[in-house]
2 protein chains.
Amino acid sequence: MSDTEVEQTQRFKVGELTVEAGTPILTEGANSAQLFTVLSGMGIRHTTLENGRRQVLTFILPGDLIGLQGAVMGEMGHSVEARTRMRLCVFDRAALWDFFKNAPARAYDLTWIAATEEHFLGEALATLGQRTAEQAVAWALVRLWQRGVALDLVENNSMPLPFRQQDLADALGLSLVHTNKTLAKFRTKQIASWRDGRLTLTDIDELSRIGLVDEQKAVRRPLL
Amino acid sequence: MSDTEVEQTQRFKVGELTVEAGTPILTEGANSAQLFTVLSGMGIRHTTLENGRRQVLTFILPGDLIGLQGAVMGEMGHSVEARTRMRLCVFDRAALWDFFKNAPARAYDLTWIAATEEHFLGEALATLGQRTAEQAVAWALVRLWQRGVALDLVENNSMPLPFRQQDLADALGLSLVHTNKTLAKFRTKQIASWRDGRLTLTDIDELSRIGLVDEQKAVRRPLL
DNA sequence: CGCTGTCTTGATCACTATCAAACCGAGTGG
DNA sequence: CCACTCGGTTTGATAGTGATCAAGACAGCG
């Protein structure tokens with residue numbers, strides 16, 4: 001990122017915000033005036049159906065941008081909730097339009113982010129629709145792991161993963177019980193172990209094979 | 001759209017393209033140099049897993065933009081296939097960058113489109129994950145219907161829907177047989193009938209209720 | 001007219017949900 | 001320091017939704 005870009009970005013940084021685990025950051029349907037970039041901590045995006053069932057859309061890790069939908073479309077299509085204490089960089093919604101007028105490279109990055117997010121959701125859709133429970137869990141663990149690697153969170157074959165099994169279940173459209181049993185299977189087979197908020201992968205290749213994950217070159221994601 | 005915007009857009013229109021039903025327009029993984037806007041006809045976006053199973057991501061109707069992902073990210077995350085004869089407006093990929101530099105309003109529209117698409121995929125995800133087969137089919141029919149209404153394709157409680165049951169099944173992660181039986185149920189209950197390429201809704205409210213569809217104000221989508 | 005693709009319907013099977021209860025560690029207050 | 005609660009995890013038993021298998025119907029087409 002060039003100096004002027006940094007400067008342009010910094011100019012619209014309103015401030016920083018720290019939220020505790022469990023705090024809702026954005027609410028579905030709300031007209032949020034702010035955008036956030038995650039500096040540290042993790043959370044989830046989710047929607048709730050009228051029947052009360054919850055779908056987790058994505059897990060949010062450091063570097064992710066939150067609230068673009070609300071800023072662009074005027075209304076959030078999902079809620080965002082912190083799962084650990086999170087530090088957020090706050091931008092004003094007005095920054096968006098300024099980017100488009102004065103910082104085309106930054107604006108392009110925004111579109112890039114949206115397109116990438118769309119790509120990911122497409123893959124998730126294919127998971128819920130076409131993968132079995134075992135394949136789905138394997139897929140999710142590998143993808144989370146890949147993000148962990150990119151963020152340098154992995155040490156000793158292990159990375160922090162401060163979510164609940166219920167979160168993963170809701171992300172994959174599985175019941176909590178079945179998710180638990182599938183995880184237990186991986187643990188018994190010594191492929192992957194997720195406990196006490198840490199994920200440990202001992203056989204990534206096998207897990208990728210099970211989850212039908214096509215390895216993809218890591219792409220640097222633009223940071224806002 | 002202002003005159004200058006139209007002019008800016010027209011300038012990058014490379015030409016028009018007509019494809020027959022069944023033709024692949026873009027292929028997953030390919031590095032496409034083109035963007036398309038659908039002038040007429042319908043098609044589907046889909047991905048294929050390693051095990052051969054297919055997931056339909058969205059149905060493509062007139063006005064939709066195709067290939068943004070490839071243009072922005074360099075590689076398509078899904079394939080696009082025509083289901084009827086389609087007329088396409090072709091743009092060069094270079095137009096994208098020019099938009100960002102010289103037509104911020106158009107660039108903003110692109111981001112809007114990407115964010116909207118993301119929003120829709122989120123809803124689809126919630127469908128596959130949290131809705132029963134009956135709810136899912138109802139949801140899909142209502143959403144398609146709403147798009148039909150917006151495009152003025154509906155007349156006499158009926159609109160063209162030139163897809164196969166297999167397409168819908170692959171979109172919802174259901175088996176062909178089960179999709180068929182669910183559709184048959186709606187037909188028997190006189191709620192919705194889809195045959196010979198036309199969808200007829202006789203009880204939209206009931207269908208929306210079943211599908212847990214929250215009515216949403218129709219938003220004009222920007223056209224490229 | 002035989003083929004081929006799509007839709008339809010019936011029978012059977014299995015993956016995954018649901019229900020229920022126990023377990024476990026961390027707080028909390030008496 | 002122990003009883004109690006609470007959120008999350010684990011395990012077993014049972015049920016059901018939707019997949020799979022199989023075959024027939026029907027229309028368009030070379």
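Proteins come first, then strands; the chains are lettered A, B, ... in the order of their sequence lines, and each starts at number 1.
A donor-acceptor pair shorter than 3.5 Å can be found between the side chains of B:T111 and A:T111.
Note on A:R195: every side-chain N or O is 4.0 Å or more away from OP1 and OP2 of D:dG8. In this structure, A:N180 reaches the D:dT10 phosphate: one of its side-chain N or O atoms is under 4.0 Å from OP1 or OP2.
In this structure the side chain of A:V14 never reaches within 4.5 angstrom of the side chain of A:Q34, judged on heavy atoms. Looking only at side-chain heavy atoms (C-beta outward), A:L207 and A:V213 stay at 4.5 Å or farther from each other. In this structure, the side chains of A:L153 and A:M42 come closer than 4.5 Å at one or more pairs of heavy atoms. B:R93 has its side chain within reach of B:N31: a pair of non-hydrogen atoms, C-beta onward, lies under 4.5 Å apart. Counting heavy atoms from C-beta outward, B:L88 and B:V38 have side chains that approach closer than 4.5 Å. For the pair A:N156 and A:R198, the minimum side-chain heavy-atom distance is 4.5 Å or more. Using a 4.5 Å heavy-atom threshold, the side chains of B:D167 and B:R83 count as touching. Between B:W139 and B:L212 the shortest side-chain heavy-atom distance does not fall below 4.5 Å.
In this structure, B:R143 pairs ionically with B:E123, as a charged nitrogen and a carboxylate oxygen lie closer than 4.0 Å.
The distance between atom NZ of B:K185 and atom C1' of C:dT9, rounded to the nearest whole Å, is 14 Å. Taking atom CZ of residue B:R131 and atom P of nucleotide D:dG18, one finds them 13 Å apart after rounding to whole Å. Following rounding to the nearest Å, A:Q135 (CD) and C:dC15 (P) show an atom-to-atom distance of 12 Å. What separates CG of B:L128 from P of D:dT17 is a distance of 19 Å, to the nearest Å. The nearest whole Å value for the distance from the CG atom in B:L174 to the P atom in C:dC15 is 18 Å.
Comparing the start and finish of the helix from C:dT8-D:dA23 to C:dG30-D:dC1, five pairs each, the helix axis swings through 30°, to the nearest 10 degrees.
Counting only distance, with no hydrogens or angles, the side chain of B:E20 and the backbone of B:T84 share no donor-acceptor pair below 3.5 Å.
Among the protein residues, A:G22 comes within range of no part of the nucleic acid, since none of its heavy atoms lies under 4.0 Å from any strand. When heavy atoms are screened at a 4.0 angstrom cut-off, A:G197 is found touching no nucleic acid atom at all.
A heavy atom closer than 4.0 Å to some atom of DNA chain C occurs in no member of residues 158-171 of chain A.
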| Under 4.0 Å protein heavy-atom contact, by nucleotide of nucleotides 20-30 of chain D - B base, S sugar-phosphate only | BB---------

